[in-house]
Structures are given as structure tokens and as C-alpha cells.
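When reading the values below, keep in mind they use all heavy atoms of this one structure, side chains included, and skip hydrogens, waters and symmetry mates. These numbers were taken from a predicted model, which means no experiment stands behind them.
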2 protein chains.
Amino acid sequence: MADPTGRSELGEALLFLTDDQLRKGIEAMFFAYRGFTADPDRILVDQGYGRAHHRALHFIARSPGTTVNNLLNILGVTKQSLNRVLRTLIEDGLVENTVGLKDKRERNLTLTDAGQTLERELSFAQSARMRKAYKQAGPEAVHGFREVLEAMMDPEMRKMYIKLSEKGGA
Amino acid sequence: MADPTGRSELGEALLFLTDDQLRKGIEAMFFAYRGFTADPDRILVDQGYGRAHHRALHFIARSPGTTVNNLLNILGVTKQSLNRVLRTLIEDGLVENTVGLKDKRERNLTLTDAGQTLERELSFAQSARMRKAYKQAGPEAVHGFREVLEAMMDPEMRKMYIKLSEKGGA
DNA sequence: CAAGATACGTCAGTGTTGTTGACATTCCAA
DNA sequence: TTGGAATGTCAACAACACTGACGTATCTTG
């Protein structure tokens with residue numbers, strides 16, 4: 001509401017769907033995502049890691065004991081790519097890799113204490129920015145924020161997202 | 001409003017700032033950004049281009065005649081990195097590079113007809129997803145979406161974003 | 001048990017995108 | 001006019017993603 005695009009012939013109900021509004025949304029996503037990743041990136045550079053390491057740490061922390069295959073589905077990368085990242089994390093003693101109990105083909109991934117420490121540091125940095133943004137925008141805006149993001153996901157990603165939300169969020 | 005997190009001891013006013021809510025926001029950004037870039041990426045692969053080419057095309061289309069330096073500030077990469085992208089786009093006849101009139105050190109960048117065609121195709125694909133998400137979430141949600149994203153940007157990025165918004169959006 | 005499917009890891013090759021370093025051109029100001 | 005700053009270009013290198021192929025261990029099914 002209060003949408004000063006100057007084009008009123010469509011009626012106010014659809015003004016938020018003009019090309020200009022959509023373009024603003026696109027550019028907002030671009031610039032915001034840069035901020036979103038900036039703080040963890042700074043920490044990771046010092047350690048010789050990249051964004052891929054952060055993602056792996058995050059989702060292992062989120063689902064301790066998860067399998068490689070599950071992580072693959074969540075992250076949407078190839079196993080070769082993930083393997084490179086996991087290998088360095090295991091070598092550096094941040095992630096532990098144990099043979100599955102039920103199915104010995106599987107590997108269960110967990111964070112070591114050192115891994116948890118780094119993950120919490122990254123999470124804290126990213127959350128701090130998110131908290132500031134949330135606080136500044138207010139609860140209603142946050143609700144809308146998540147509504148739009150959720151509607152923007154591919155269906156399969158949305159399933160993952162909801163599954164994760166339910167797990168931690170009840 | 002209507003925030004069913006089940007934890008009421010903090011008082012409803014701050015429930016949207018719990019660690020769990022912040023984590024959901026982080027994961028929503030991650031999954032949504034994948035969707036956000038998925039459609040253009042598919043188109044670009046066929047052409048032998050990447051996401052960097054899309055970004056360059058987008059912001060040249062947005063500010064025809066812009067300089068390399070300006071683009072550098074917007075995109076936040078090194079000039080060498082941008083130059084490689086620009087070179088291929090120029091070689092392929094999608095972007096035109098003319099010596100600056102006032103300052104001959106500068107290069108003014110514009111899209112050729114072919115460049116405009118591709119840029120519109122990419123923009124259309126990305127906008128289509130954004131439109132669907134906007135329509136599904138509704139105008140109020142869209143407002144909140146943009147509020148939060150804007151609050152998440154680094155100050156300098158926010159300046160760029162607002163400057164661009166004003167240019168196209170008046 | 002034999003055969004096929006599944007889960008994971010690895011090697012080789014390629015492409016995009018980021019980086020640093022070196023350099024040419026142009027502008028501006030002392 | 002000369003030196004410094006700004007702008008843009010070329011070259012080499014590193015990080016990280018992808019495809020394709022293969023090997024091993026394990027599970028599942030006929």
C-alpha cells in the first residue's frame with residue numbers, strides 16, 4: 001500500500017505486480033544476499049575456507065548424524081564437489097565421519113567440538129545481521145519476508161525447508 | 001501477529017527475534033536464492049555464459065551508457081574479473097564499448113540489439129518467478145519482504161539499491 | 001547364493017569466476 | 001611539462017563448481 005508508481009490504470013490491487021516492482025524485488029534480492037553472506041565470508045577467508053564449507057557445517061549442525069546423500073539433496077551440488085569440502089573439514093578435525101549403524105554403506109556426519117565452535121561463530125555472525133534486519137523491519141514485515149521467500153523456492157527446496165523448520169521450530 | 005511459536009514467556013512483541021526464527025530466515029534465504037537464480041542459470045548454460053554475465057547484462061540494461069567503474073561498484077568484484085565477462089560479451093556482440101565523450105579514459109557500456117534480446121529473456125524468466133511469488137504472498141507480504149531485504153544490505157549497497165530504485169521507479 | 005541396486009569415494013578433465021600483478025592510456029594539477 | 005591519480009586491459013593463477021567414469025563395500029531381491 002501507498003505504492004507511488006504513478007500507474008493507476010490497473011487498479012491499486014495489482015500495483016505490486018508491475019514490472020518495476022518486480023525489478024526492485026530482483027535487485028533487492030541481489031544486494032541483500034551479498035550482505036547476507038558477507039559476515040560469514042569474512043570469517044571463513046581467515047580459515048582458508050569458502051562458502052561451501054559454511055553450508056556444510058550449517059546443515060550438519062542442524063541435522064547431526066545426517067548422511068552424505070541427504071546433505072547432497074539439501075545443498076544441491078555434486079558429490080564430487082561436496083566430497084572435496086567434507087574431506088578438508090574431516091582432515092581439519094571439524095567434522096566426524098562414522099560408518100552407519102543400520103546401513104553400513106552410509107556415513108553419519110557430525111560436528112566435533114572444534115566444528116561446533118566454528119559453526120556457532122559463523123551462525124552468530126549471520127544471525128546478528130538477520131536480527132538487526134528483523135528488528136528494524138518489525139514482525140509483520142518478517143512474516144511477509146518469509147512468505148515471499150517460501151513462494152520463490154522450487155517445490156523440492158520448499159519441502160526441505162519446511163521439513164527443517166518443523167524439526168527445529170516446534 | 002499470529003506467531004505460533006509456542007514460547008510466550010518472552011512476551012509476544014519479541015517472539016519474532018528468537019534464535020529459531022532467525023535460523024528459519026537464514027535457511028529461507030538460502031533456499032529461495034537458489035530458486036531466484038535457477039531460471040536464468042538454465043538459459044545461460046546453453047549460451048556458454050554464467051551468472052556473472054547475467055549480472056553485467058542486467059545492470060548495463062538498467063543504466064545504459066554506464067562506465068566500467070560504476071559497474072564495478074555495483075557488482076562488487078575486481079575490475080579484472082568484470083573485464084573478462086565484458087570482453088566475451090563484447091566479442092559476442094551483446095555489449096558495445098565506446099570511449100567516453102567527456103573523459104576519454106572511461107568506456108560507456110550499452111547493450112546491442114542482441115544484448116537486449118538476451119537480457120529481456122533472462123529478465124522475463126526471473127520476473128516470472130518473482131511475479132508468481134508476489135502474487136501468492138500478496139501485497140503486504142511483498143512490502144515486508146522488501147523492508148527486510150533492504151535492512152539486510154550493507155549501507156553502501158543500500159545506497160546503490162535506492163539510487164537504482166529511484167531512477168527506474170519514479 | 002547370484003545379480004542388480006545403492007551409498008560413498010576418487011581420478012581426470014573442463015569451465016566459470018574470483019584473485020594479484022603488471023602495464024598502457026588519459027586526465028589533472030603543481 | 002611532469003608526476004600522480006584514475007580508468008581500463010592483459011596475463012597468470014587459485015578456488016570451486018560440473019561431467020564422466022570407475023572402484024569398493026553393502027544391501028536387497030529373485
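Under 3.5 Å, the side chain of A/Q80 and the base of C/dG13 form no donor-acceptor pair of N or O atoms. In this model, a side-chain donor or acceptor of A/R105 finds a partner on the base of C/dT6 within 3.5 Å. Taking 3.5 Å as the limit, the base of C/dG18 and the side chain of B/R84 contain a donor-acceptor pair of atoms between them. On a pure distance criterion of 3.5 Å, no polar donor-acceptor pair joins the side chain of A/R107 and the base of C/dA7.
Rounding to whole angstrom units, CG of residue A/N83 and C1' of D/dC18 are separated by 14 Å. The distance from atom CG of A/D103 to atom P of D/dC27 is 5 Å, rounded to the nearest whole Å. Taking atom CD on B/E91 and atom C1' on D/dC10, their separation rounds to 12 Å, with Å as the unit. Look at CG on B/L86: it is 14 Å from C1' on D/dC10, rounded to the nearest Å. We find that CG of A/L71 is positioned 11 Å from P of C/dG9, with the value rounded to whole Å. For the pair B/H53 NE2 and C/dG18 P, the computed distance is 10 Å after rounding to whole Å. Atoms CZ (A/R87) and P (D/dA17) sit 13 Å apart, rounded to a whole Å. Between the OH atom of A/Y49 and the P atom of C/dG18 there is a distance of 23 Å, given to the nearest Å.
At a threshold of 4.0 angstrom between heavy atoms, the contacts of B/K79 include nucleobase atoms, whether or not backbone atoms are also involved. B/G100 comes within 4.0 angstrom of nothing in the nucleic acid, heavy atoms only. Backbone-only engagement by A/G76 is indicated by non-hydrogen atom pairs under 4.0 Å involving sugar-phosphate atoms exclusively. Among the protein residues, B/N97 comes within range of the sugar-phosphate backbone only, with heavy atoms under 4.0 Å from sugar or phosphate atoms but none that close to a base.
Just one of A/R51, A/R55, A/R129 meets the salt bridge (Lys or Arg N to Asp or Glu O under 4.0 Å) condition when paired with A/D41; it is A/R51.
Taking only side-chain nitrogens and oxygens, B/R55 comes nearer than 4.0 Å to OP1 or OP2 of C/dG18. Proximity of A/T78 to the phosphate of D/dC18: a side-chain N or O atom is located under 4.0 Å from OP1 or OP2.
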Begin from the C-alpha positions of B/E140 and A/H143 and carry the test side-chain hydrogen bond (donor to acceptor under 3.5 Å, both in side chains) through to its verdict. CA-CA 10 Å; B/E140 287 188 42; A/H143 183 73; over 6 Å; no

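Taking only side-chain atoms of B/S81, from C-beta outward, the nucleotide of D/dT19, C/dG18, C/dC8 with the closest atom is C/dG18.
Between A/N108 and A/T67 there is a side-chain heavy-atom pair separated by less than 4.5 Å.
Judged purely by atom type and a 3.5 angstrom limit, A/Q126 uses its side chain to pair as donor or acceptor with the backbone of A/F36.
The OG1 atom of B/T88 sits 5.5 Å away from the CG atom of B/D92 when rounded to the nearest 0.5 Å.
Between B/F59 and A/F30, the ring planes lie tilted relative to each other; the angle falls in the 30° to 60° range.
Along DNA chain D, the nucleotide nearest A/K104 and the nucleotide nearest A/V85 are compared for position; the residue whose nucleotide lies closer to the 5' end is A/V85. Across the interface with DNA chain D, nearest-nucleotide mapping of B/E106 and A/A52 shows B/E106 to be the residue nearer the 5′ end.
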